[in-house]
*Asks:* 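Here it is, the structure in full.
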Amino acid sequence: MQKVNTKIVKIDKQNIDEDKIRCASEILKKGGLVAFPTETVYGLGANALDEAAVEKIFEAKGRPQDNPLIVHISHINQIKHLVQSVPEKAYKLMEKFWPGPLTILFNKSENIPYKVTAGLSTVAIRMPNHKIALEIIRNSKIPIAAPSANISGKPSPTYAKHVIEDLNGKIDMIIDGGSTGVGVESTVLDISTEIPVILRPGGVTREDLLTVFEQVTYDAALEGNNKELIPKSPGQKYRHYSPKAEMIVFEGEVNDIIEKIKIMLEQYLYKGMKVGIMATKQTKNHYNYENVIVVGDRENPETIAANLFEALRQFDKIGVDIILAEGISEKGIGKAVMNRMKKASTKRR
Ligand code: TXA
Ligand code: MG
């Protein structure tokens with residue numbers, strides 16, 4: 001791939017510099033790539049209606065060709081051009097959760113290139129809840145296809161520095177708008193069946209969705225250990241979010257987790273390996289050891305979601321050989337956190 005000169009610009013989301021937004025929009029309109037913050041993770045944007053521009057996203061990320069992209073909009077009016085019809089269920093969801101971390105699947109119109117949907121007849125759409133993202137979409141007047149702005153397989157970026165690590169020299173512009181907030185990606189929801197199905201757990205929880213629908217299920221391929229089932233969201237097939245080190249996630253009762261991690265720690269240290277422990281505010285003092293990263297507070301799992309990807313990247317920086325990670329309860333946002341941890345890990349205990 002040809003090396004490009006990546007412009008890195010800071011934008012304060014409380015006081016947006018419109019000149020910088022215009023500059024980003026011009027790049028997008030000309031078919032270039034711009035990374036920008038959303039409320040979940042940083043996205044790598046291109047004009048969703050321009051097949052050649054979208055192709056560049058796959059190239060820059062090293063993304064598998066069969067993994068479709070999410071199209072981002074800033075106003076509900078934009079949707080008509082992109083989909084065949086808007087079902088009643090979608091109206092309810094958009095009213096309640098947009099702008100926000102919910103991605104809804106629709107039957108695509110012919111305006112959306114198959115490159116965006118990786119050949120599927122459905123298109124994933126969301127309206128991000130972030131002033132900078134919304135301003136860019138509004139200003140460019142185009143729908144923006146944007147996956148997370150990381151190299152495929154690595155943890156998603158929650159700070160501009162993560163995007164710079166992965167994509168500097170590969171894309172036209174990186175907008176530094178600070179940390180993202182939610183920290184895990186949007187929920188991907190299929191509403192084509194009578195009971196809506198969560199294909200990827202994310203920022204809008206099943207509990208949130210149950211305020212709109214009587215029933216909501218998870219894609220069976222996300223549950224249990226049946227490897228025969230193929231996830232309906234292609235992105236869920238791959239090992240993902242992965243630090244360089246091997247990672248083991250420990251599930252169960254918290255005191256058992258601590259005991260198991262201590263035993264494993266001794267075993268790996270004995271083998272001469274450099275170990276990292278991903279702990280929580282409540283448990284950190286149980287480990288008398290240097291490479292402990294506190295990912296957040298068990299009582300407030302939103303803090304864990306917000307810090308998870310940064311913690312995984314920190315372990316890479318320390319250069320550990322193996323990460324022993326405490327699992328958390330799968331209630332609320334915990335479901336999305338555990339989904340990412342399991343995907344990042346090689347083993348579960
Ligand atoms: O929060 C987010 O969703 C972030 C920000 C940037 O908006 N974006 C993001 O995109 O996480 P990405 O590409 O990293 O993940 C998109 C997920 C993948 O798992 C993909 O397979 C799924 O959405 N997806 C996209 N279109 C789909 C479709 N038509 N049917 C099923 N799954 C789809
Ligand atoms: Mg991603």
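One-based numbering, in listed order, for ligands and for the atoms of each. Computed from heavy atoms alone, side chains included, the values below leave out hydrogens, waters and symmetry copies.
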*Asks:* Which of the numbered atoms in ligand 1 are below 4.0 angstrom from a heavy atom of Val188?
*Replies:* 23 (O)
*Asks:* Starting from atom 7 (O) of ligand 1, find the nearest protein heavy-atom neighbour and note its residue, name and distance.
*Replies:* His72 NE2, 2.6 Å
*Asks:* Tell me the closest heavy-atom pair linking Arg340 and Glu185, and the distance in Å.
*Replies:* NE-OE1, 2.7 Å
*Asks:* Record the part of Lys232 in heavy-atom contact with ligand 1 below 4.0 Å; permitted values are side chain, backbone, both and neither.
*Replies:* backbone
*Asks:* Run the salt-bridge test on Lys170 and Glu59 with the 4.0 Å N-O cut-off and return the result as yes or no.
*Replies:* no
*Asks:* Any nitrogen or oxygen of Thr122, side chain or backbone, less than 3.5 Å from one on ligand 1?
*Replies:* yes
*Asks:* Any N or O on Lys61 sitting closer than 3.5 Å to an N or O of ligand 1?
*Replies:* no
*Asks:* With 2.8 Å as the limit, jot down which protein N, O or S atoms are around the Mg ion (ligand 2).
*Replies:* Ser148 OG
*Asks:* For ligand 1, which atoms sit closer than 4.0 Å to a heavy atom of Leu120?
*Replies:* 28 (C), 29 (N), 30 (N)
*Asks:* Below 4.0 Å from ligand 1: does a non-hydrogen atom of Arg126 turn up there or not?
*Replies:* yes
*Asks:* Does Thr40, backbone or side chain, put an N or O under 3.5 Å from an N or O of ligand 1?
*Replies:* yes
*Asks:* Please give me the minimum heavy-atom distance between Pro301 and Ile328, naming the atom from each residue.
*Replies:* CB-CD1, 4.2 Å
*Asks:* Please state which part of Glu39 comes within less than 4.0 Å of ligand 1, counting heavy atoms only: side chain, backbone, both or neither.
*Replies:* neither
*Asks:* Between Arg126 and Thr40, do the side chains contain an N or O donor and an N or O acceptor separated by less than 3.5 Å?
*Replies:* yes
*Asks:* Between Tyr114 and Lys108, is there a cation-pi geometry (under 6.0 Å to ring centre, at most 45° from the normal)?
*Replies:* yes
*Asks:* Taking 4.0 angstrom as the limit and counting only heavy atoms of Ala124, give me the atoms of ligand 1 inside it, by number and element.
*Replies:* 25 (C), 26 (N), 27 (C)
*Asks:* Could you tell me whether a side-chain N or O of Ser148 sits under 3.5 Å from a main-chain N or O of Gly43, the two making a donor and an acceptor?
*Replies:* no
*Asks:* Only heavy atoms of Asn67, strictly under 4.0 Å: list the atoms of ligand 1 that pass.
*Replies:* 18 (C), 20 (C), 21 (O)
*Asks:* Would you confirm whether Thr158, through its side chain, and Gly183, through its main-chain N or O, come within 3.5 Å as a donor-acceptor pair?
*Replies:* no
*Asks:* Decide yes or no on side-chain contact (heavy atoms from CB on, under 4.5 Å) for His286 and Ile261, but give the supporting numbers first.
*Replies:* CA-CA 10 Å; His286 289 273; Ile261 290 183; over 6 Å; no
*Asks:* With a 4.0 Å cut-off, would you call Arg313 and Glu310 a salt bridge?
*Replies:* no
*Asks:* If we count only N and O atoms by modelled type, under 3.5 Å, do the side chains of Arg200 and Thr103 hold a donor and an acceptor together?
*Replies:* no
*Asks:* So is there a nitrogen or oxygen of Thr103 less than 3.5 Å from a nitrogen or oxygen in ligand 1?
*Replies:* no
*Asks:* Determine whether a donor-acceptor pair (N or O, by modelled atom type, separation under 3.5 Å) exists between the side chain of Asp321 and the backbone of Lys274.
*Replies:* yes
*Asks:* When you measure from the side chain of Ser329 to the backbone of Lys331, do you find a donor-acceptor pair of N or O atoms at a distance under 3.5 Å?
*Replies:* yes
*Asks:* Measure the distances from the heavy atoms of Thr117 to every atom of ligand 1 and state whether one is below 4.0 angstrom.
*Replies:* no
*Asks:* Looking at Gly43, which atoms of ligand 1 are within less than 4.0 Å of one of its heavy atoms?
*Replies:* 6 (C)
*Asks:* May I ask you to check whether Thr38 has an N/O atom sitting below 3.5 Å from an N/O atom of ligand 1?
*Replies:* no
*Asks:* Is it the case that Asn339 and Gln236 place a side-chain donor and acceptor less than 3.5 Å from each other?
*Replies:* yes
*Asks:* Among all protein heavy atoms, pick out the one at the shortest distance from atom 24 (N) of ligand 1; state its residue, atom name and that distance to 0.1 Å.
*Replies:* Pro68 CG, 3.7 Å
*Asks:* Measuring from atom 8 (N) of ligand 1, which candidate in Ala149, Ser121, Ala146 has the nearest non-hydrogen atom?
*Replies:* Ala146
*Asks:* Below 4.0 Å from ligand 1: does a non-hydrogen atom of Pro128 turn up there or not?
*Replies:* no
*Asks:* I want to know if ligand 1 touches Arg200 in the polar sense, i.e. an N/O pair below 3.5 angstrom.
*Replies:* yes
*Asks:* Indicate yes or no for a side-chain donor-acceptor contact from His72 to the backbone of Ile70 under 3.5 Å, with no hydrogens or angles considered.
*Replies:* yes
*Asks:* Look only at interatomic distance and state if Gly235 has a nitrogen or oxygen under 3.5 Å from any nitrogen or oxygen of ligand 1.
*Replies:* yes
*Asks:* Inspect the contact between Glu39 and Lys13 and indicate whether a charged nitrogen and a carboxylate oxygen are less than 4.0 angstrom apart.
*Replies:* no
*Asks:* Taking only Lys NZ, Arg NE, NH1 and NH2, and the carboxylate oxygens of Asp or Glu, determine whether Glu51 and Lys115 approach each other closer than 4.0 Å.
*Replies:* no
*Asks:* Starting from atom 19 (O) of ligand 1, find the nearest protein heavy-atom neighbour and note its residue, name and distance.
*Replies:* Ser233 OG, 3.1 Å
*Asks:* Students should be able to answer this: which protein heavy-atom is nearest to atom 14 (O) of ligand 1, and at what distance?
*Replies:* Ser148 OG, 3.0 Å
